[in-house]
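Worksheet for the structure shown next.
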Amino acid sequence: QVQLVESGGGLVQAGDSLRLSCAASGRAFPAYATGWFLQAPGKEREFVAAITRDGGTTAYGDSVKGRFTISRDNAKNTVYLQMNGLEPEDTAVYYCAAGTFIYLTRDARRYDYWGQGTQVTVSS
C-alpha cells in the first residue's frame, strides 16, 4: 500500500512557474507508475501527466504538453510536476496518483492510490 501527499501548490500569476511534489510512503513506491491529474470546479478529473516506474517514459495531456514536466526520484520516494508558463486555465486541484500497471494510462480508474490534492490558482 502507498500513501501519497502532495505539496507545492499556491497562488501565482499567469506566466509563472510552480513545482508540485508528491511524497510517497512505503518501500514499494518504485513498483508503481505515477501520474498527476487536475480537477477544476464543476469539471471532471483530467489527466495531466504520467511516468513509468523507472522514470524512463512519460506521457502528457494535450493542454500541458511542452509546459509541464513530470519526473521522479525513487531514492526519495517523490514525484514532481514542474509547471512552467502557467495559465489561468490551469487553475485546479492537482492530484498525485499511483498504479501498478506497466504501460502508462490516462484513465484515472486504473490508478489505485490517490493523494488529497493541492490547490493551484493562476491569476491573469
Side-chain angles (χ1 to χ4, degrees):
Q1 188 152 351
V2 175
Q3 292 185 325
L4 306 171
V5 179
E6 303 96 334
S7 62
L11 172 63
V12 297
Q13 294 186 332
D16 286 350
S17 297
L18 273 178
R19 188 175 81 158
L20 304 184
S21 298
C22 174
S25 64
R27 300 178 182 176
F29 176 68
Y32 292 87
T34 55
W36 288 94
F37 290 77
L38 65 82
Q39 188 163 21
K43 296 187 176 181
E44 293 188 354
R45 195 162 293 191
E46 177 183 331
F47 172 76
V48 175
I51 189 167
T52 50
R53 302 171 183 182
D54 64 355
T57 303
T58 57
Y60 296 93
D62 292 340
S63 64
V64 306
K65 204 171 294 183
R67 298 188 299 125
F68 291 9
T69 302
I70 188 171
S71 62
R72 66 189 293 163
D73 185 339
N74 285 342
K76 295 182 178 180
N77 276 13
T78 303
V79 179
Y80 305 98
L81 184 68
Q82 178 66 42
M83 306 187 294
N84 298 330
L86 284 162
E87 304 168 352
E89 294 73 22
D90 297 320
T91 296
V93 177
Y94 283 72
Y95 297 91
C96 176
T100 56
F101 46 83
I102 296 175
Y103 299 105
L104 296 180
T105 177
R106 302 171 179 228
D107 186 350
R109 296 169 298 180
R110 299 287 306 281
Y111 292 78
D112 303 306
Y113 302 101
W114 293 81
Q116 83 290 348
T118 185
Q119 176 71 47
V120 172
T121 303
V122 185
S123 64
S124 58

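Just so it is clear, the model here is predicted, and its values are computed rather than measured. Heads up: numbering here begins at 1 and tracks the sequence. Hydrogens, waters and symmetry mates are skipped; everything else that's a heavy atom, side chains included, is used.
- Looking only at side-chain heavy atoms (C-beta outward), Leu4 and Tyr95 stay at 4.5 Å or farther from each other.
- Atom CG in Asp54 sits 8.0 Å away from atom CG in Asn74 (nearest 0.5 Å).
- Without hydrogens or angle criteria, Thr57 side chain to Thr52 main chain gives no donor-acceptor distance under 3.5 Å.
- Of the candidates Val93, Leu20, Thr91, Leu20 is the only one forming a side chain to side chain contact (heavy atoms under 4.5 Å, CB included) with Val120.
- In terms of hydrophobic clustering, with Ile, Leu, Val, Met, Phe, Trp and Tyr side chains grouped at heavy-atom distances under 4.5 Å, Val48 and Val12 are assigned to a common cluster.
- Between Phe37 and Phe47, the ring-plane angle classifies as perpendicular under the 30° and 60° cut-offs.
- Note that CG of Asp62 and CD of Glu46 are 9.0 Å apart. Values are rounded to the nearest 0.5 Å.
- Between Gln116 and Val5, the shortest heavy-atom distance links the atoms OE1-CA, 3.8 Å.
- Following chains of ILVMFWY side-chain contacts shorter than 4.5 Å, one cannot reach Val64 starting from Tyr80, and the two form parts of different hydrophobic clusters.
- Between the Arg72 side chain and the Gly55 main chain, no donor and acceptor come within less than 3.5 Å of each other.
- Neither Ile51 nor Tyr111 shares a network with the other; the hydrophobic side chains, linked directly or stepwise wherever heavy atoms of I, L, V, M, F, W or Y lie under 4.5 Å apart, form separate groups for each.
- Side chain to side chain, Gln82 and Arg19 fail the donor-acceptor criterion of an N or O pair below 3.5 Å.
- Between the side chain of Thr118 and the main chain of Glu6, no donor-acceptor pair closer than 3.5 Å is present.
- Separation of atoms OH (Tyr113) and OG (Ser25) is listed at 10.0 Å; rounding is to 0.5 Å.
- For Lys65, the NZ atom counts as densely surrounded, since its 6.0 Å shell holds more than 12 non-hydrogen atoms of other residues, nucleotides or ligands.
- Ser17 approaches Gly85 most closely through the heavy-atom pair OG-N, 4.3 Å.
- For the atom pair CG (Asp112) and OH (Tyr32), the distance works out to 7.0 Å, reported to the nearest 0.5 Å.
- Two residues are said to be in side-chain contact when any heavy atoms from C-beta on lie closer than 4.5 Å; Trp114 and Arg45 meet this criterion.
- Heavy atoms only, all atoms of each residue included: Leu104 and Phe101 are closest at CA-CE1, 4.1 Å.
- Interatomic distance, Gln13 CD to Leu86 CG, rounded to the nearest 0.5 Å: 11.5 Å.
- Between Tyr94 and Phe68, the ring planes lie tilted relative to each other; the angle falls in the 30° to 60° range.
- In terms of modelled atom types and a separation under 3.5 Å, the side chain of Arg53 and the main chain of Ala31 share a donor-acceptor contact.
- No chain of hydrophobic side-chain contacts below 4.5 Å, direct or via other Ile, Leu, Val, Met, Phe, Trp or Tyr residues, connects Val2 to Val79.
- At least one side-chain heavy atom of Tyr60 sits under 4.5 Å from a side-chain heavy atom of Ile70.
- Leu38 has its side chain out of reach of Asp90: every pair of non-hydrogen atoms, C-beta onward, lies at least 4.5 Å apart.
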